[in-house]
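Below: the structure, in structure tokens.
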Amino acid sequence: MPELPEVEVLVRHLQPLIRNKTIRSVRVLRAKVLGNTSPAELKRTLLGARFVGLTRRGKYLCFKLHARRRAGPVILVGHLGMTGRMYLSRRRDALPKHAAVVLELGRENFVFEDTRYFGRLTLDGRAITRLGPEPLADGFSVGYLSTALARSTQAIKVRLLDQTLVAGIGNIYASEALFRAGISPRLPARGLNTKQLRRLRRAIREVLREAIRFGSTVPLHHGHAADGDGLFYFGRAAGAPDYYEERLRVYDREGQPCARCGGAIRRIVQAARSTFYCPRCQEQTEKRQTR
DNA sequence: CACCATGTTCCTTG
DNA sequence: CCAAGGAACATGGT
């Protein structure tokens, strides 16, 4: 479930666990996730290096390390793709089926596993330089949004997924933010008026902040579950409700009643991806706007 | 077998 | 050059 909030929760979780730990060995099981970095270069760079910091930028994790015989720090860039997970596990535990990279840190392993291998763990930081502003920072202002969307005829939902517009929003929170803002996902981006832009900015920030706060209160567990599911966040005790699903208002709720008006949630496809919204709570804006 | 899935990048078309 | 749309990537769930 990796959009900005999930990555933020993961970063906060991992930070104290890896700080000051030294990489004793580097195992690359799927070179694809290294991108342009070769396994040899990764090993050469990381072997003997020590984790000194972990931050997030959009959906990316930025590991900062001090390597031996190097003037400046090394930045290792991670991305979870759709199904990636990063966690520590005991070294004696078996590796998951889709382990992509394993860093040995003394008694524990730092494991990057990814079923579909869409994720990344690389020394190539170029992707980060192309990202738009952080939605929770001051740079993400109504003025910025207004300028950035002024000439776009693309549907607002599709624009929100563009990481160069704003970094970190994915398919789930794009739908959730538009529902909260009462704006139709189909509205052309340049058609939003100032009032709508203000509501959208606020809704984006609220939805992301709440998800972070919520994720942070759920007990984290990782690694070696008995059934081997290896949950590392948004874990839940057996039989407990799945809070992650329950707190979403429209995503994956086609046909279910809208929490606000009771009407049926609708699913449409935009840019080859599902969008969920409430026609009654979000459509009027569209009609009013297109008149 | 069909369709769907939290993401990004590359290629084509206009 | 840019905007927009779609396929590809790889695996698993229903």
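Reminder, nothing fancy here: chain letters follow the sequence lines and each chain counts from 1.
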- Message: What is the separation between atom CG on A/L29 and atom C1' on C/dT11, rounded to the nearest whole Å?
- Response: 17 Å
- Nearest whole angstrom, please: distance from the C1' of C/dA3 to the CG of A/L165. 14 Å
- Query: What's the CG-P distance between A/D252 and C/dG13, to the nearest Å?
  - Reply: 16 Å
- Which nucleotide in the list C/dG5, B/dG7, B/dA5 gets nearest to the side chain of A/Q154? C/dG5
- If you measure only the distance, is there a donor-acceptor pair under 3.5 Å linking the side chains of A/T83 and A/D114? yes
- Note on the structure: Here the distance between atom P of B/dA5 and atom NE2 of A/H98, to the nearest Å, is 20 Å
- Query: What nucleotide among B/dG7, C/dT11, C/dA4 has an atom nearest to a side-chain atom of A/N171?
  - Reply: B/dG7
- Query: Looking only at side chains, do A/Q282 and A/S184 share a donor and an acceptor under 3.5 Å apart?
  - Reply: no
- Message: Any salt bridge linking A/R90 with A/E108? Criterion: basic side-chain nitrogen under 4.0 Å from a carboxylate oxygen.
- Response: no
- For C/dA7 versus B/dA2, give the span between their P atoms, rounded off to a whole number of Å. 16 Å
- Message: Using a 6.0 Å distance limit plus a 45 degree cone around the ring axis, check whether A/R19 lies over the aromatic ring of A/F51.
- Response: no
- Return the value, rounded to whole Å, for the distance between atom CD of A/E254 and atom C1' of B/dC3. 13 Å
- Task: Compare side-chain N and O positions of A/T83 against OP1 and OP2 of C/dA10 and report whether any pair is under 4.0 Å apart.
- Result: no
- Within 45° cone and under 6.0 Å: A/R247 NZ/CZ vs A/F214 ring: yes
- Query: How are the rings of A/F276 and A/Y251 set to each other: parallel, tilted or perpendicular (split at 30° and 60°)?
  - Reply: perpendicular
- Query: A/R151 has an atom CZ; how far is it from atom C1' of C/dC1, in whole Å?
  - Reply: 15 Å
- Item | Of A/K97 and A/K32, the one whose closest DNA chain C nucleotide lies more 5' | A/K32
- Task: With the side chain of A/R30 defined as its heavy atoms from C-beta on, choose the nearest nucleotide among C/dA10, B/dA5, C/dG12.
- Result: C/dA10
- Message: Whether A/E3 and A/K59 form a salt bridge (side-chain N of Lys/Arg under 4.0 Å from carboxylate O of Asp/Glu) is what I want to check.
- Response: no
- Note on the structure: Here the residues of residues 114-126 of chain A within 4.0 Å heavy-atom distance, strictly under, of DNA chain B are A/R116, A/F118
- Item | Rounded distance in Å - CD (A/E113) to P (C/dG12) | 11 Å
- As its Watson-Crick or G-U partner within any shown strand, both distances under 3.5 Å, C/dA3 has B/dT13
- For A/R253, does its backbone N or O pair with a side-chain atom of A/Q256 as donor and acceptor, under 3.5 Å? no
I'd like a list of close polar pairs between nucleotides 8-14 of chain B and the protein, N/O only, cut-off under 3.5 Å.
{"from": "B/dT8", "atom 1": "OP1", "to": "A/H79", "atom 2": "NE2", "distance (Å)": "2.9"}
{"from": "B/dT8", "atom 1": "OP2", "to": "A/K59", "atom 2": "NZ", "distance (Å)": "3.0"}

- Task: Identify which nucleotide among B/dG7, C/dT11, B/dC4 has an atom closest to any side-chain atom of A/M82, counting heavy atoms from C-beta outward.
- Result: B/dG7
- Polar side chain donor-acceptor pair, A/Y173 to A/E6, under 3.5 angstrom: yes
- Atom CG of A/L149 and atom OH of A/Y144: how far apart are they, to the nearest 0.5 Å? 8.0 Å
